[in-house]
Amino acid sequence: MVTLAVIGAGLRGLGYARRALASGQARVVAVAEPDPYRRESLAVEHGVPAENVFADWRELLAGARLADAVIVATQDRMHLEPAVRAAELGYHILLEKPMAPTQGEAAAIAEAAQRHGVMLAVCHVMRYTPYTRTLKALIDKGRIGQVMNIQHLEQVGWWHQAHSFVRGNWRSEATSAPMLLAKACHDLDWIVHLKGALPERVSSFGNLVHFRPESRPAGAADRCLDCPIERTCPYSARRVYLDCLGDPAKEFWPLSAVTTDHTEAGVLEALRDGPYGRCVYACDNDVVDTQVVTMEFADGTSATCTVTAFAALEHRKTRVFGTHGSIEGDGVLLRVHDFLTDEISVIDTRSGADASAATGHGGGDEALMDAFVEAVARDDPTLVLSSGAESLATHRVVWAAERARHSGTVIPL
């Protein structure tokens, strides 16, 4: 059985650990987490011995290797040091995306894994869903001929944007990363995966348009619990988080990011003083709420990716246009149009209907974890759908898009 150490026992680390336990193919034998509640909760749930429970990842990685592999699920800006040290000790690494906030740090992680001969699997969970596997197979088999254009839409979700990117941990580029890197490195990686090639040129437009003081409604208070117009606001923290109570998936995410006390009184107490109770127009956020990326490939074809807060939190929507047909997908169903016969067929990929982190991103979280554990067990890196080098390459597309957005130019790769 594969043994795992978990560095970062937040929602992502906990989710992967639980999948490892449920699969019966791996077990968690060590954990490092600064928050005492999260640290002890994971340790108890997985039966981690007391001597392998640490408040700091440096303690876990200070001595001999404690496990076959490590899950690095710390905050974005805390990936570099534990990942590099884990590679030096010979741990195979499951690294939460994004790899790191800067290209230099991400390159250092990839280089360390290669130099020490360990597997580095970045959590590009979208590659692993039944939906993606089916769509990719159709394209690779030539079902629609040469792919000429891909149109991709990432619907962040109005309340998800408010939760994570206005009130939450990913609201600021200085403390986390640009929105495109933090949320949509998934999407650009996925487009490259479908196309089977990296783009040669990238452009991008995006801004923080709505979640600003200038958009604040007249009479709005600084906190939702004090606001006289809260009931008319779609971003009401009171409504968003109280509505999670009684739903196990929503209590796991997003509510557990707000409070561990899943009662009405506990939620209201957290909203009274905590960051998640703030008015979305009175926060310290600076990341974009809408962005468009355009990519051109060496064969003259193109792709676009739109990331927007102003939609329901649903599966990504994608259209793939080819010379012999087209495919329209909604994350579960694929509608395939054959130009020769002018017939349309619908394929049900049986991916989960819910695209959110609460239920594992349409099956992607579970499939990624299973693939990583099997790769470690068999010592076969080909079971992981993207190597560290490949993930670094698609991350570079994100950084190129950000340079294009800030400079107003087209950036060559």
Side-chain angles (χ1 to χ4, degrees), residues 75-76 101 152-187 203-244 250 253-255 257-259 267-268 270-294 304-314 316-317 355-357 398 401-408:
Q75 287 294 311
D76 299 344
H152 182 69
L153 171 64
E154 154 64 301
Q155 301 182 186
V156 178
W158 80 97
W159 67 263
H160 182 196
Q161 181 81 19
H163 171 76
S164 295
F165 301 100
V166 179
R167 296 173 171 128
N169 291 333
W170 293 272
R171 65 188 180 272
S172 167
E173 289 192 20
T175 58
S176 176
M179 168 76 162
L180 192 67
L181 183 63
K183 186 70 177 78
C185 66
H186 272 320
D187 299 87
S203 65
S204 183
F205 300 92
N207 292 286
L208 173 57
V209 178
H210 182 68
F211 295 106
R212 305 165 57 93
E214 296 88 339
S215 300
R216 182 169 174 162
D222 287 346
R223 288 193 165 268
C224 293
L225 297 188
D226 303 322
C227 187
I229 62 171
E230 170 265 326
R231 292 190 177 184
T232 66
C233 179
Y235 307 102
S236 162
R238 176 194 291 268
R239 180 174 60 255
V240 167
Y241 298 117
L242 287 179
D243 283 354
C244 294
K250 289 182 179 179
W253 184 84
L255 189 59
V258 179
T259 179
V267 172
L268 293 177
L271 298 184
R272 170 61 58 194
D273 300 312
Y276 292 96
R278 295 178 295 172
C279 172
V280 292
Y281 307 106
C283 291
D284 54 345
N285 57 302
D286 60 20
V287 299
V288 304
D289 50 30
T290 298
Q291 188 165 352
V292 179
V293 179
T294 302
T304 58
C305 176
T306 298
V307 183
T308 183
F310 307 107
L313 197 173
E314 296 177 347
R316 279 86 165 172
K317 309 295 192 298
S356 77
V398 181
E402 279 298 283
R403 291 197 302 274
R405 181 173 73 88
H406 285 291
S407 65

Colleague: Check each of Val288, Asp289, Thr290 against Thr308 using the side chain to side chain contact (heavy atoms under 4.5 Å, CB included) test, and report the only one that passes.
Modeller: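 By the side chain to side chain contact (heavy atoms under 4.5 Å, CB included) criterion, Thr308 pairs with just one of Val288, Asp289, Thr290: Thr290.
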Colleague: Pair Thr294, Phe205 - check side-chain contact (heavy atoms from CB on, under 4.5 Å), show working.
Modeller: CA-CA 9 Å; Thr294 302; Phe205 300 92; over 6 Å; no
Colleague: Walk me through whether Arg272 and Asp226 qualify under side-chain contact (heavy atoms from CB on, under 4.5 Å).
Modeller: CA-CA 9 Å; Arg272 170 61 58 194; Asp226 303 322; 2.7 Å; yes
Colleague: Report the distance from atom CG of Leu153 to atom CD of Glu314, rounding to the nearest 0.5 Å.
Modeller: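 Answer rounded to 0.5 Å: 9.5 Å.
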Colleague: Of all heavy-atom pairs between Ala220 and Cys227, which one has the smallest distance, and what is that distance?
Modeller: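 Answer, listing the atom of Ala220 first, then Cys227: CA-SG, 3.8 Å.
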Colleague: side-chain contact (heavy atoms from CB on, under 4.5 Å), that's the test. Do Tyr235 and His210 meet it? Break it down for me.
Modeller: CA-CA 12 Å; Tyr235 307 102; His210 182 68; 4.1 Å; yes
Colleague: Set out, in order, the CA-CA distance, both residues' side-chain angles and the distance that settles side-chain hydrogen bond (donor to acceptor under 3.5 Å, both in side chains) for Ser176 and Gln75, then state yes or no.
Modeller: CA-CA 8 Å; Ser176 176; Gln75 287 294 311; 5.6 Å; no
Colleague: For Pro234 versus Thr232, what's the shortest heavy-atom pair and its separation?
Modeller: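 So the two residues come closest at CD-O, 3.7 Å.
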Colleague: Could you give the distance from CZ (Arg405) to OG (Ser203), rounded to the nearest 0.5 Å?
Modeller: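 One gets 13.0 Å once the value is rounded to the nearest 0.5 Å.
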Colleague: What's the spacing between Phe211 CZ and Tyr281 OH if we round to 0.5 Å?
Modeller: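 Going from the CZ atom of Phe211 to the OH atom of Tyr281 covers 6.0 Å.
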Colleague: To the nearest 0.5 Å, how far apart are CG in Asn285 and CZ in Phe165?
Modeller: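 Output value for this atom pair is 11.5 Å.
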Colleague: How close do Ser204 and Val293 get, counting heavy atoms only, and between which atoms?
Modeller: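 Heavy atoms of Ser204 and Val293 come nearest at OG-CG2, 3.7 Å.
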Colleague: Do Cys244 and Pro254 have side chains that get closer than 4.5 Å, going by heavy atoms?
Modeller: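 Heavy-atom side-chain distance check passes, below 4.5 Å.
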Colleague: Is any side-chain heavy atom of Glu173 closer than 4.5 Å to a side-chain heavy atom of Glu402?
Modeller: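 The answer is yes, as the side chains (C-beta and beyond) meet within the 4.5 Å cut-off.
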Colleague: To the nearest 0.5 Å, how far apart are CD in Glu230 and CZ in Arg239?
Modeller: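 Going from the CD atom of Glu230 to the CZ atom of Arg239 covers 6.5 Å.
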Colleague: Between Cys224 and Ala237, which heavy-atom pair has the shortest distance, and what is it?
Modeller: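 Heavy atoms only, the tightest pair is SG-N, 3.4 Å.
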Colleague: State whether Asp187 and Arg316 are salt-bridged, where the test is any N-O pair (Lys NZ or Arg NE/NH1/NH2 against Asp/Glu carboxylate O) under 4.0 Å.
Modeller: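 Between Arg316 and Asp187 there is a salt bridge, with a charged N closer than 4.0 Å to a carboxylate O.
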Colleague: Would you say Tyr241 and Leu271 make side-chain contact, with heavy atoms under 4.5 Å?
Modeller: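 The answer is yes, as the side chains (C-beta and beyond) meet within the 4.5 Å cut-off.
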Colleague: With heavy-atom distances below 4.5 Å as the criterion, would you say the side chains of Val156 and His163 are in contact?
Modeller: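 The answer is no; the side chains never approach within 4.5 Å.
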Colleague: Taking the side chain as every heavy atom from C-beta outward, state whether Val280 and Arg167 have any pair of such atoms under 4.5 Å apart.
Modeller: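 The answer is yes; the side chains approach within 4.5 Å.
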Colleague: What heavy-atom pair brings Ile229 and Pro217 nearest, and what distance separates the two atoms?
Modeller: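 That would be CD1-CB, 3.5 Å.
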Colleague: Between Arg238 and Asp243, is the closest basic N to carboxylate O distance under 4.0 Å?
Modeller: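 Answer for the salt bridge query: no.
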Colleague: Could you go through the side-chain contact (heavy atoms from CB on, under 4.5 Å) check for Val267 and Val258 one step at a time?
Modeller: CA-CA 8 Å; Val267 172; Val258 179; 5.5 Å; no
Colleague: I want to check something: taking the side chain as every heavy atom from C-beta on, are Gln155 and Phe310 in contact at a cut-off of under 4.5 Å?
Modeller: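 A side-chain contact under 4.5 Å is absent here.
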Colleague: Please state whether the rings of His160 and Trp253 are parallel, tilted or perpendicular, taking 30° and 60° as the class boundaries.
Modeller: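 It falls in the perpendicular class, over 60°.
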Colleague: Could you tell me whether Arg171 and Asp284 have a side-chain N and a carboxylate O separated by less than 4.0 Å?
Modeller: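 A salt bridge links Arg171 with Asp284.
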Colleague: Is any side-chain heavy atom of Leu208 closer than 4.5 Å to a side-chain heavy atom of Met179?
Modeller: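 No, every pair of side-chain atoms sits at 4.5 Å or beyond.
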Colleague: For Asp286 and Arg212, run salt bridge (Lys or Arg N to Asp or Glu O under 4.0 Å): C-alpha distance rounded to whole Å, both residues' side-chain angles, the deciding distance at 0.1 Å, then the answer.
Modeller: CA-CA 9 Å; Asp286 60 20; Arg212 305 165 57 93; over 6 Å; no
Colleague: Return the OG1 to OH distance between Thr259 and Tyr276, rounded to the nearest 0.5 Å.
Modeller: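 So the gap between those two atoms works out to 11.5 Å.
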Colleague: One thing to verify: whether Arg216 and Asp222 come together as a salt bridge, which I'm taking to mean a side-chain N less than 4.0 angstrom from a carboxylate O.
Modeller: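 Yes, charged N to carboxylate O under 4.0 Å.
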Colleague: I want to check something: taking the side chain as every heavy atom from C-beta on, are Leu255 and Lys250 in contact at a cut-off of under 4.5 Å?
Modeller: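 Side chain of Leu255 against side chain of Lys250, heavy atoms only: no contact under 4.5 Å found.
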Colleague: Could you tell me whether Asp273 and Arg223 have a side-chain N and a carboxylate O separated by less than 4.0 Å?
Modeller: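 Salt bridge between Asp273 and Arg223, a charged N being under 4.0 Å from a carboxylate O: no.
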